[in-house]
Amino acid sequence: MFHKDMPYRRLGNAGIRLSAVSLGGWTTYGASVKAEDTVRGIIRAAFEAGINFFDISDIYEKGEAERAMGKVFAELPRHELVISTKCFWPMSDDVNDQGLSRKHIMESIDKSLRRIGTDYVDIYFCHRPDPNTPIEETARAMDDLIHRGKVLYWGTSEWSGEQIRQAQEICDRRNLYAPVVEQPQLNLAARKKYATDVQPALAEYGLGAVTWSPLASGLLSGKYDDGLPEGSRLWRSENLRKTYLTERNRERVRKFKALADELGTTRAELAIAWCLAQPGVTSVITGATRQEQLKQNLGALKVKITDEIRTRLEELFPLE
Ligand SMILES: NC(=O)c1ccc[n+]([C@@H]2O[C@H](COP(=O)([O-])OP(=O)(O)OC[C@H]3O[C@@H](n4cnc5c(N)ncnc54)[C@H](OP(=O)(O)O)[C@@H]3O)[C@@H](O)[C@H]2O)c1
């Protein structure tokens, strides 16, 4: 995959390169966006714009996102795609159908590969840390998957700096393939954990970061300024609405508009451009329920974050 307008960045010290902007399937494909043609249209438009990295999880609509996205991947050249999926969250009430035990990892990967319709995934993520499984057990299972060719690289998601360090040290001591990437949340309204805890650990061991929810579930685009557009994510999810639609956030997002207007850009572009400019970030995983959103979000690649803009943005959204 190569597109002249898309930067491709190395995943930390690993050799694989990912498009700086990527696309994920949480709450969308196979969920709020069920029509196959719409899913196909968005993924194909992403691919044509140079996106090579697509992120999924088994838990996204309990396998339906893997199925919906996999159908479209089957029409694209597999070797040009970087596909990731994840395991950890319970897929049923079976006591072993959850977590990061060897049993769950070994069984989950086969189910994910079947649903996606591929022989291997490029990156397999531990979707959360598992307090009930020793990191060594998880690391050995991941190492085995890499030896078996089912997984090319493995990574973690929402692990702490300390857990990331422990995994690296265990893999180093036991000569196992180590995680090469972490997938943390990162957006203007949620930046403290990445900046103060996660990023220093990634820098120490040369890991890449692929970051999620750059628009805080759409909030930072300004789409909730005047209420809840019918069908939008926060309209659909009461939980997310409670998390994001606070008075304080609404006020900050309104002030954010003034800055975006002054710079001649949109809030969505500016929010994603800020993520792209954060230290250690390989790829910003975006979400889109329609092609126009994807197109606007790709506009972030043209926005330059100067030191002055960064300071103003970070004053508006303080580290908290
Ligand atoms: N590892 C993890 O634990 C984890 C957690 C969450 C996400 N992720 C990954 O990160 C990906 C991206 O996260 P996200 O979907 O939360 O990203 P996001 O950019 O914060 O939110 C995307 C949603 O905002 C709305 N939107 C997108 N662009 C817009 C625009 N330009 N204008 C107005 N609305 C816009 C759309 O929802 P509506 O149209 O429905 O309103 C879209 O689905 C996920 O798909 C997943 O792959 C990982």
Side-chain angles (χ1 to χ4, degrees), residues 1 8-19 22-25 43 47 51-60 63 65-89 91 96-127 130 133-157 159 164 167-168 170-183 205-208 210 282-283 285:
M1 156 67 64
Y8 296 92
R9 298 177 174 176
R10 270 181 70 185
L11 190 58
N13 287 345
I16 188 170
R17 291 207 280 164
L18 273 51
S19 49
S22 45
L23 184 70
I43 293 179
F47 184 73
I51 287 182
N52 69 350
F53 174 39
F54 296 90
D55 180 67
I56 337 176
S57 172
D58 58 357
I59 195 64
Y60 297 169
E66 291 181 323
R67 285 196 187 92
M69 293 175 80
K71 265 190 199 146
V72 186
F73 298 155
E75 300 163 6
L76 299 171
R78 175 64 185 93
H79 66 281
E80 294 192 34
L81 303 174
V82 177
I83 301 174
S84 68
T85 193
K86 319 185 186 81
C87 74
F88 167 77
W89 295 105
M91 291 292 282
N96 284 316
D97 200 9
Q98 57 182 282
L100 299 178
S101 69
R102 179 175 186 81
K103 179 166 174 64
H104 189 232
I105 289 174
M106 291 297 174
E107 288 173 357
S108 297
I109 189 68
D110 286 336
K111 291 179 192 162
S112 283
L113 294 179
R114 271 199 298 276
R115 284 189 293 255
I116 300 169
T118 182
D119 296 333
Y120 67 95
V121 287
D122 298 270
I123 309 173
Y124 200 31
F125 284 102
C126 298
H127 209 152
D130 179 359
T133 304
I135 292 181
E136 181 165 348
E137 177 176 334
T138 301
R140 280 195 186 278
M142 288 295 188
D143 181 74
D144 283 342
L145 290 185
I146 292 176
H147 285 284
R148 292 179 195 180
K150 296 184 184 194
V151 168
L152 302 189
Y153 299 91
W154 74 281
T156 56
S157 180
W159 284 31
I164 291 166
Q168 293 296 319
I170 287 168
C171 291
D172 191 36
R173 271 205 306 280
R174 306 285 190 225
N175 201 22
L176 304 172
Y177 279 109
V180 299
V181 57
E182 157 66 20
Q183 184 174 145
Y205 291 95
L207 274 71
V210 297
T282 301
S283 185
I285 314 174

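On a predicted model such as this, the values are computed, not experimentally measured, just so you know.
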Mind checking ring-ring contact (aromatic ring centres under 6.0 Å, His included) for [X] and listing every partner two or more places apart, or none if nothing turns up?
X	answer
F73	F54
Y124	none
Y120	none

Partners meeting salt bridge (charged side-chain N to carboxylate O under 4.0 Å, His left out) with D122 (sequence neighbours left out):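 Expected list: R78.
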
CZ (R9) with more than 12 external heavy atoms under 6.0 Å: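 More than 12 heavy atoms, drawn from other residues, nucleotides or ligands, come within 6.0 Å of this atom.
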
Contact list for residues 144-155, test salt bridge (Lys or Arg N to Asp or Glu O under 4.0 Å), sequence neighbours left out: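 Applying salt bridge (Lys or Arg N to Asp or Glu O under 4.0 Å) to every pair that reaches into residues 144-155, excluding sequence neighbours, yields R102-D144, D110-K150.
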
Apply side chain to side chain contact (heavy atoms under 4.5 Å, CB included) to D130 and list each qualifying residue two or more places apart in sequence or on a separate chain.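 D130: side chain to side chain contact (heavy atoms under 4.5 Å, CB included) contacts with F88, L100, N132, T133.
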
Output yes when a side-chain donor or acceptor of [X] lies under 3.5 Å from a complementary backbone atom of [Y], and no otherwise.
X	Y	value
W154	Y177	yes
S101	H104	yes
K86	I56	yes

Consider only side-chain N and O atoms of [X] and [Y], and report whether a donor and an acceptor are under 3.5 Å apart.
X	Y	answer
S19	N52	yes
Q183	T156	no
H127	S157	no

Of all the heavy-atom pairs spanning L113 and D119, show the shortest one and how long it is.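 Smallest heavy-atom distance, with atoms named: CD1-O, 3.6 Å.
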
Looking only at heavy atoms, what is the nearest atom pair of S84 and D55, with distance?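 Smallest heavy-atom distance, with atoms named: OG-OD1, 2.6 Å.
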
Evaluate the side-chain proximity of [Y] to [X]: yes if any heavy-atom separation is below 4.5 Å, no if none is.
X	Y	value
F53	L11	no
M69	I116	no
E182	I164	yes
I16	L152	no

Ionic contact status for D143 with R174, cut-off 4.0 Å: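 Salt bridge flag = no for D143 with R174.
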
Going by an N to O cut-off under 4.0 Å, is there a salt bridge joining K111 and E107?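 Looking at K111 and E107, the cut-off is not met.
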
